[in-house]
Number of protein chains: 4
Amino acid sequence: MARVSDAHLEARRQSILAAATRVFAQKGIVAATMADIASEAGISPGAIYRYFPNKSDLARGCMNESNDSVRKAWANPETIEVSFSELAALTFSEINAPEERIDTQMFLERMLIAVREGDAGVVDEFRDEARRVAEGIAYLMEREFTTAGAGTDLKRLGLALFAFYWGSRLFRFIDPSSEPVELYGELETVLKQAFKQ
Amino acid sequence: MARVSDAHLEARRQSILAAATRVFAQKGIVAATMADIASEAGISPGAIYRYFPNKSDLARGCMNESNDSVRKAWANPETIEVSFSELAALTFSEINAPEERIDTQMFLERMLIAVREGDAGVVDEFRDEARRVAEGIAYLMEREFTTAGAGTDLKRLGLALFAFYWGSRLFRFIDPSSEPVELYGELETVLKQAFKQ
Amino acid sequence: MARVSDAHLEARRQSILAAATRVFAQKGIVAATMADIASEAGISPGAIYRYFPNKSDLARGCMNESNDSVRKAWANPETIEVSFSELAALTFSEINAPEERIDTQMFLERMLIAVREGDAGVVDEFRDEARRVAEGIAYLMEREFTTAGAGTDLKRLGLALFAFYWGSRLFRFIDPSSEPVELYGELETVLKQAFKQ
Amino acid sequence: MARVSDAHLEARRQSILAAATRVFAQKGIVAATMADIASEAGISPGAIYRYFPNKSDLARGCMNESNDSVRKAWANPETIEVSFSELAALTFSEINAPEERIDTQMFLERMLIAVREGDAGVVDEFRDEARRVAEGIAYLMEREFTTAGAGTDLKRLGLALFAFYWGSRLFRFIDPSSEPVELYGELETVLKQAFKQ
DNA sequence: TATGAATGAGGTTTCATTCAT
DNA sequence: CATGAATGAAACCTCATTCAT
């Protein structure tokens, strides 16, 4: 089965990643076994190791899989033609997507492990993203709410909103009947009341 | 061997629980070993099994241990003489306490496991607490911000603030340099701007 | 099965060591499995790990087991009342003992591994022993062959004789029909011819 | 695909053998992987199996590769114009050559395996070589030391010297700071003292 | 022929749990 | 009642070998 095309290799890599994500999501990273993942991916355990050096890296790979185009949008707001409210509405409605559940779980597991092991890299990465998103929020709010600057540190407010975002994801994760969009709606009302006029 | 008193038994049960909580918090539930816990509790591994049928039940016991008076205050606001702002300030500054870290971790682990296992009881419990806290927030906000009712569903806003609270804890958990009090301060500014006047 | 006497523990440790030595000798250190050793010792694989942290240390333990009273005698010749010839005769006849076979094998395996892994500790240990034995040989030869000093560096000759000793062990190991005593006898004749008179 | 010439096939076989020898020497037979060898030989793992049925046979092939002209000289002393002392000096100085290290290791591994598996063929081969070398030594000594016959069985002495030779190689293998030439020098002094005059 | 992806048995090690003392 | 030695079922990972391409 040699001399396989790169496309095939990449496809297999992705299928392993997908299978691993499913298994990790169902059993948790620690409880999931490589045999589980192999079986889910329809290959042998040994084959996984041609694509990922070990379970830990596979898990990391899964976690980075989050196709967070939305979060990237927040981090680079200049590049997009969208208002704060529009992007926020999109962001919070995305939380309801089923894939998001798995992502939330992977995120939590990853952080639990990182904190436990004192993995500064992961923490730094998180802090960086938080800062970038907060700056993006500030940028978009400034564009939307002209009076926003008065008495508020917009970047810090952005951080607070990002915290709220993760809290909403956590709530939705725990309780699927939770409605992030509604929660955000309430906060938006307050924001508009505070800034507009 | 003399029959040991029930009080003694209960005391030992509690000391095991306390030791387990410490160990679980430090190593995570899966990575913590019964030997670790026994050693931390100053007894033998076998002895634990006289008090808890297995590791899983021991972990469950630990997780219910959280006894945060502050969250109880939110759930029963009529019983206390404190303003929304004061209680909020207290609540967010409490997040900085070192014990809170352990609690956050146990909470996350608990939720991860509960969701994984589809443990409806834990989820219901969480939803109930969220509702009670949201109602408490609404009650206290109404008392503090007289104009708050205008155009806002205060209970829903309470839920949003509770989500923000958990997001802040999550942030602090991941990144110890995070400052929940500051984040909250920004949000409070917005709230006051929106409601006062 | 708790609260076992120290004697029992030590006995078990020794029985594991003995079993491991037998298995290592039969299969070689690398090919021998912990399951083999456990089975030979009549216990479970896990039990071994209460006595030895890992396979490598277990192997090391086996190798140090060699009850080399003879080699110790060479290293401390002042403490014993024996002539060079007598001790040499004893030494080379000991090579024929069946236990020596296993010891030779363990020694060779150990050295192969040590050299491969660049384990300086083992090499140093060997060099030290060689030096001590060589000095012992020099000491005993001086006592026996009064004219030995003439034109010969006795310590270096001691080293050469130690090399001869190991060569003889190697020969006997490879070919059980080899007769170390006879080989040594021939060398002794030469030595006596050279020194006596 | 054109039929590949036998010469090409044999050349490839040899290059695999050479690569395997290098890898085995560096990592040891058990620790060396077929992938290592393939990589060293610049081919694919699968290709090796066209030339050798399995790893074990490949290792066996490597071990027979030793082609030391010096030892052949000892075995056939009539064919060469060299004195005992000269050939001995050459022999022991050759031990210092880096290639010798690999050879020593392969020899030891081979013997370890042969003894383990009761491979009489290898043992017989070794015994034969030892005998031939011993006879060669006897032949050359007789030519050099006219009085050598007196009271000494020269063939047996040759065997002893061959044992010393292997001991020296073993020493040098374990401890690269060992000096076989010096060790031999001391022994030669003794021999000359015993025989000359 | 050569390739190298895939297999899958098997190795070491861990640890929840049991039970003789 | 407590102890802690022992069990033994997995888990992760490696690698000799096969075989589709």
Side-chain angles (χ1 to χ4, degrees), chain A residues 1-5 8-9 12-13 30-38 41-56 58, chain B residues 1-4 8-9 12 30-39 41-58, chain C residues 1-5 8-9 12-13 30-38 41-56 58, chain D residues 1-4 8-9 12 30-39 42-59:
Chain A
M1 206 177 284
R3 202 89 45 107
V4 171
S5 74
H8 174 84
L9 253 48
R12 168 131 309 184
R13 205 189 125 89
V30 184
T33 72
M34 294 302 264
D36 290 336
I37 295 165
I43 57 172
S44 72
I48 298 178
Y49 289 85
R50 288 196 75 78
Y51 298 89
F52 301 92
N54 52 48
K55 188 184 174 182
S56 183
L58 174 58
Chain B
M1 286 279 162
R3 209 66 56 84
V4 171
H8 175 82
L9 254 47
R12 170 144 299 189
V30 183
T33 71
M34 294 300 264
D36 289 336
I37 296 165
S39 156
I43 57 170
S44 71
I48 298 179
Y49 288 84
R50 296 229 148 249
Y51 299 88
F52 299 91
N54 53 46
K55 189 185 176 183
S56 185
D57 277 26
L58 173 58
Chain C
M1 207 175 285
R3 204 89 48 108
V4 170
S5 74
H8 174 85
L9 253 49
R12 168 130 311 180
R13 205 189 126 88
V30 184
T33 73
M34 292 302 263
D36 290 337
I37 295 165
I43 57 172
S44 70
I48 297 178
Y49 289 84
R50 289 197 74 79
Y51 298 88
F52 301 90
N54 53 47
K55 188 183 175 183
S56 184
L58 174 56
Chain D
M1 289 275 162
R3 208 65 58 84
V4 170
H8 174 82
L9 253 47
R12 171 144 298 191
V30 182
T33 71
M34 293 301 264
D36 289 336
I37 296 164
S39 157
I43 57 171
S44 70
I48 297 179
Y49 288 83
R50 294 228 149 251
Y51 300 87
F52 299 92
N54 53 45
K55 188 185 175 183
S56 185
D57 276 29
L58 174 57

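The basis for the numbers below is simple: all heavy atoms, side chains too, and nothing from hydrogens, waters or symmetry mates. Just so we're on the same page: letters track the sequence lines, and every chain starts at 1.
Following rounding to the nearest Å, A:Ile37 (CD1) and F:dA10 (C1') show an atom-to-atom distance of 15 Å. In this entry the distance linking CZ of C:Arg50 with C1' of E:dT18 reads 13 Å, nearest Å. One can place CG of A:Leu58 at 11 Å from P of F:dC12, the figure rounded to the nearest angstrom. Residue C:Leu9 contributes atom CG, which lies 7 Å from atom P of F:dA6 at whole-angstrom precision. Straight-line distance from the CG atom of C:Asn54 to the C1' atom of E:dT14: 13 Å, rounded to whole Å. Between the C1' atom of E:dT7 and the CE atom of D:Met34 lies a distance of 16 Å, rounded to the nearest Å. F:dC13 atom P lies 10 Å from atom CD1 of A:Ile48, rounded to whole Å. The CG atom of A:Asp36 sits 12 Å away from the C1' atom of F:dC12 (whole-angstrom rounding).
B:Asp36 and B:Thr33 share a donor-acceptor pair across their side chains, judged by distance under 3.5 Å alone.
With a cut-off of 3.5 Å on both pairing distances, the Watson-Crick or G-U wobble partner of F:dT3 is E:dA20. When Watson-Crick and G-U wobble pairs are counted only if both distances are under 3.5 Å, F:dG8 pairs with E:dC15.
Between B:Ser44 and F:dG4 there is no side-chain N or O to OP1 or OP2 distance below 4.0 Å. Considering only side-chain N and O atoms, A:Tyr51 lies under 4.0 angstrom from the phosphate OP1 or OP2 of E:dA6. Applying the 4.0 Å criterion to OP1 and OP2 of E:dT7, one finds that A:Tyr49 has every side-chain N and O outside that range. In terms of phosphate contacts, B:Arg12 brings a side-chain nitrogen or oxygen within less than 4.0 Å of OP1 or OP2 of F:dA2.
Using a 4.0 Å heavy-atom distance criterion, A:Ala31 is classed as making no nucleic acid contact. Contacts of D:Phe52 with the nucleic acid, taken as non-hydrogen atoms under 4.0 Å apart, are absent. Residue-level contact check: C:Thr33 touches the backbone only, with heavy atoms under 4.0 Å from sugar-phosphate atoms and none from bases. Here A:Ala38 lies out of heavy-atom contact (under 4.0 Å) with every strand.
Comparing B:Val30 and A:Pro45, the nucleotide of DNA chain E nearest to each residue sits closer to the 5' end for A:Pro45. Two residues, B:Ala35 and C:Ala32, neighbour DNA chain E, and the one matched to the more 5' nucleotide by heavy-atom proximity is C:Ala32. Mapping C:Gly46 and A:Pro53 onto DNA chain F via the closest heavy atom, the residue that lands nearer the 5' end is C:Gly46.
The shortest non-hydrogen separation linking A:Ala38 to A:Ser44 is CB-C, 3.7 Å. For A:Arg12 against A:Ile43, the heavy-atom pair with the smallest separation is NH1-CG2, 3.4 Å.
Here the straight-line distance linking atom NZ of A:Lys55 with atom CD1 of A:Ile37 works out to 6.5 Å at 0.5 Å rounding.
Checking F:dC1, E:dT3, F:dG8 against every side-chain atom of D:Ala47, the shortest atom distance belongs to E:dT3.
Contact annotation: the side chain of A:Tyr51 never approaches that of A:Leu58 to less than 4.5 Å [non-hydrogen atoms, C-beta and beyond].
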